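Since we're looking at a predicted model, the values are computed, not measured.
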Amino acid sequence: RRLFFDTHALVCLLEENGFTTQQSEVIVSALVKIMDSNLDMIYKDMVTKVQQEIALQQVMSHIGGVKKDMIILEKSEFSALRSENEKIKLELQQIKKQVMDEITKVRADNKLNLNLEKSRVKELVSFGNFLHAQQDRALTQTDRKIDTEVADLKTMLESHKLDNIKYLAGSVFTCLTVALGFYRLWI
């Protein structure tokens with residue numbers, strides 16, 4: 001062990017500051033004992049380079065073992081995943097085939113239903129054409145009646161307008177006559 005300060009220089013410094021030689025040596029020896037005990041404690045917790053290298057080698061060997069185990073596990077997992085993937089592919093192909101069969105059945109049913117509906121619609125259209133012709137006749141008769149009624153109402157409205165104009169003109173002339181009569185009386 002080495003001390004990292006000069007003990008004799010410390011004794012001389014203490015003597016210069018008023019300590020006796022004996023006191024100075026006792027203080028320095030106490031400091032040296034304290035440092036030795038502290039260094040002992042520090043050295044107990046410390047690891048030498050050799051011990052550190054041994055520990056590093058042990059850790060590296062454990063890491064190498066773990067890597068090998070991971071590679072083996074990875075290969076076995078990949079093979080399990082591949083086989084599982086193949087099973088899923090086969091199941092998907094079977095489901096796809098079933099779906100395609102169902103789609104063709106539904107298409108055939110829909111075509112049949114569409115054909116039946118087309119024939120029903122054609123029958124309804126032919127019946128509707130008959131009804132449409134009857135409705136057209138009834139509509140033309142109704143249009144004629146409406147046109148005659150509108151014409152009658154127009155002539156009646158014109159006659160009422162003319163009567164109103166007559167009454168208005170008569171009322172205006174009467175008011176003017178009365179006004180002129182009052183005007184003459186005042187003048």
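- With hydrophobic clusters built from ILVMFWY side chains whose heavy atoms lie under 4.5 angstrom apart, Leu56 shares a cluster with Ile63.
- The side-chain heavy atoms of Arg144 and Thr148, taken from C-beta on, include no pair separated by under 4.5 Å.
- Under the 4.5 Å side-chain heavy-atom criterion for Ile, Leu, Val, Met, Phe, Trp and Tyr, Met35 and Met41 are members of distinct hydrophobic clusters.
- From Cys12, atom SG reaches atom CG of Asn17 across 11.5 Å, with rounding to the nearest 0.5 Å.
- If you chain together hydrophobic residues whose side chains sit under 4.5 Å apart, Val178 and Leu185 fall into the same group.
- Contact between Asp101 and Thr104 at its shortest, heavy atoms only, is O-OG1, 2.6 Å.
- With contacts defined as side-chain heavy-atom distances shorter than 4.5 Å, the pair Phe127/Glu123 does not qualify.
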Next item on the list: Show your working on side-chain contact (heavy atoms from CB on, under 4.5 Å) between Leu92 and Ile88 and close with a plain yes or no.
Entry: CA-CA 6 Å; Leu92 281 175; Ile88 290 172; 4.1 Å; yes

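- Distance check, rounded to the nearest 0.5 Å: CD1 of Ile103 to CE of Met100 gives 5.5 Å.
- Distance CD1/Ile42 to OG/Ser37: 9.5 Å, rounded to 0.5 Å.
- Between the CG atom in Leu157 and the CG atom in Asp152 there is a gap of 12.5 Å [rounded to 0.5 Å].
- Donor-acceptor pairing under 3.5 Å is recorded for the side chains of Glu15 and Thr21.
- Distance check: Leu114 CG to Arg107 CZ gives 13.0 Å after rounding to the nearest 0.5 Å.
- Between Glu117 and Arg120 there is a salt bridge, with a side-chain nitrogen of the basic residue lying less than 4.0 Å from a carboxylate oxygen of the acidic one.
- Atom CD1 of Ile95 sits about 13.0 Å away from atom CD of Glu102, to the nearest 0.5 Å.
- Other residues, nucleotides and ligands place no more than 12 heavy atoms under 6.0 Å from the CD atom of Gln22.
- The backbone N or O of Thr48 lies less than 3.5 Å from a partner atom in the side chain of Gln51, making a donor-acceptor pair.
- Hydrophobic clustering (side-chain heavy atoms under 4.5 Å, transitive across Ile, Leu, Val, Met, Phe, Trp, Tyr) groups Leu31 together with Val11.
- There is a path of hydrophobic side-chain contacts, each under 4.5 Å, that joins Phe19 to Val32.
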